[in-house]
Q: 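Sending over a structure as structure tokens; questions will come in a sec.
Heavy-atom basis, side chains included; hydrogens, waters and symmetry copies ignored. In what follows, chains carry the letters A, B, and so on, assigned in the order in which the sequence lines appear, proteins first and then strands, with residues in each chain numbered from 1.
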2 protein chains.
Amino acid sequence: MSKNDQNVAFCAVDYAFQRIGGKYKARILWYLHEHKVLRYGELKRMVKGITTKMLTQTLRELEKDELVTRKEYHQVPPKVEYSLTPIAEEFVPFIDQMRAWAEKRIKDSLQDVEPIACY
Amino acid sequence: MSKNDQNVAFCAVDYAFQRIGGKYKARILWYLHEHKVLRYGELKRMVKGITTKMLTQTLRELEKDELVTRKEYHQVPPKVEYSLTPIAEEFVPFIDQMRAWAEKRIKDSLQDVEPIACY
DNA sequence: CTGCATCCCCCACGATACTG
DNA sequence: CAGTATCGTGGGGGATGCAG
């Protein structure tokens with residue numbers, strides 16, 4: 001594969017995963033869907049274990065892909081709110097279905113799987 | 001985060017992504033769904049750019065997670081067939097929906113996106 | 001509060017060669 | 001045909017410190 005193929009999606013499935021894959025994206029989208037609007041610090045607290053670097057970076061990517069909207073209030077102290085775009089809202093149902101599927105799977109194999117502590 | 005949290009899913013969404021995330025898993029599942037049964041070499045040809053190492057490794061992981069079935073024919077030359085488990089079949093509709101969503105997105109932003117060459 | 005800048009490490013993934 | 005084995009590397013991600 002040539003260097004230029006880096007960001008080329010081989011198919012639509014790839015395209016989707018490039019946008020909502022990664023370690024935190026799906027979770028962030030999910031939380032934003034559940035709460036409609038979240039501040040930076042709120043997200044940071046919900047996505048356990050994430051660093052500011054990763055949170056900021058991930059939000060920027062989601063913003064670039066038009067999946068989240070960033071609303072900055074120019075005040076001191078700063079206040080920034082994030083929410084989903086309509087495009088992202090269209091996608092959320094799939095995340096929800098995946099969640100349901102996963103929960104069923106987790107229940108069926110109730111060994112070797114650590115307790116799930118999510119929202 | 002402690003070392004032992006490596007494979008712990010923080011939530012069901014994580015759990016799902018740990019199983020069907022990665023660079024090739026979704027595509028492999030999709031191809032297997034489309035063709036019902038595929039031999040190793042057939043998969044290798046369909047998943048463009050994948051190496052034998054990654055294909056084998058990915059198939060092994062999917063097998064371990066009970067998403068694909070491996071059927072080996074003890075003959076010369078070797079013949080191995082892969083197919084989806086019922087659990088994976090349950091999941092495929094979501095991949096399909098994601099694909100539809102992605103294709104729509106691709107059509108809407110018909111610039112800077114390379115031609116999608118997938119099945 | 002909401003970030004940005006650095007430094008650094010690990011491992012997912014690639015390339016290549018070999019085998020029953 | 002259907003894989004192993006080995007070696008290398010790029011960048012995703014972590015830790016920490018600073019800033020408006």
Q: Taking NZ in B:K36 as the centre, count heavy atoms belonging to other residues, nucleotides or ligands within less than 6.0 Å. Is the count above 12?
A: yes
Q: Measure CD/A:Q18 against P/D:dG11 and give the value in whole Å, please.
A: 14 Å
Q: Does some side-chain heavy atom of A:Y82 sit less than 4.5 Å from a side-chain heavy atom of A:I28?
A: no
Q: Given side chains that start at C-beta, do those of B:W101 and B:M98 come closer than 4.5 Å, heavy atoms only?
A: no
Q: Atom CZ of A:F17 to atom C1' of C:dA12: distance rounded to whole Å?
A: 16 Å
Q: I want to confirm an ordering. Mapping B:T51 and A:R70 to their closest nucleotides on DNA chain C, which one lands closer to the 5' end?
A: A:R70
Q: Looking at DNA chain D, which of residues 53-64 of chain A put a heavy atom within less than 4.0 Å of it?
A: A:K53, A:M54
Q: Roughly, in whole Å, what's the span from CD in B:E81 to P in D:dG3?
A: 12 Å
Q: Under 4.0 Å, counting only non-hydrogen atoms across every strand here, what does B:Y82 touch: a base, just sugar-phosphate, or nothing?
A: sugar-phosphate
Q: Taking OP1 and OP2 of D:dA2, is either one under 4.0 Å from a side-chain nitrogen or oxygen of B:R39?
A: yes
Q: For A:T56 and A:Y40, test the side chains for any donor-to-acceptor distance below 3.5 angstrom and give the result as yes or no.
A: yes
Q: Validate the cation-pi geometry between B:R27 and B:Y31: distance from NZ or CZ to the six-membered ring centre under 6.0 Å, angle to the ring axis within 45°.
A: no
Q: Write down the distance between NZ (B:K71) and P (D:dA2), rounded to a whole number of angstrom.
A: 14 Å
Q: Let me know the distance between CG of A:L43 and C1' of C:dG3, rounded to the nearest Å.
A: 13 Å
Q: Would you mind reading off the distance between A:L38 atom CG and C:dG3 atom P, rounded to a whole angstrom?
A: 13 Å
Q: Taking only Lys NZ, Arg NE, NH1 and NH2, and the carboxylate oxygens of Asp or Glu, determine whether B:K107 and B:E103 approach each other closer than 4.0 Å.
A: no
Q: Do B:F94 and A:I95 have side chains that get closer than 4.5 Å, going by heavy atoms?
A: no
Q: Rounded to whole Å, how long is the line connecting atom NZ of A:K25 with atom P of D:dG13?
A: 9 Å
Q: Whole angstrom is fine here: how far is it from NZ in B:K23 over to C1' in D:dG10?
A: 11 Å
Q: Between A:Y24 and D:dG14, does any side-chain N or O lie under 4.0 Å from OP1 or OP2?
A: yes
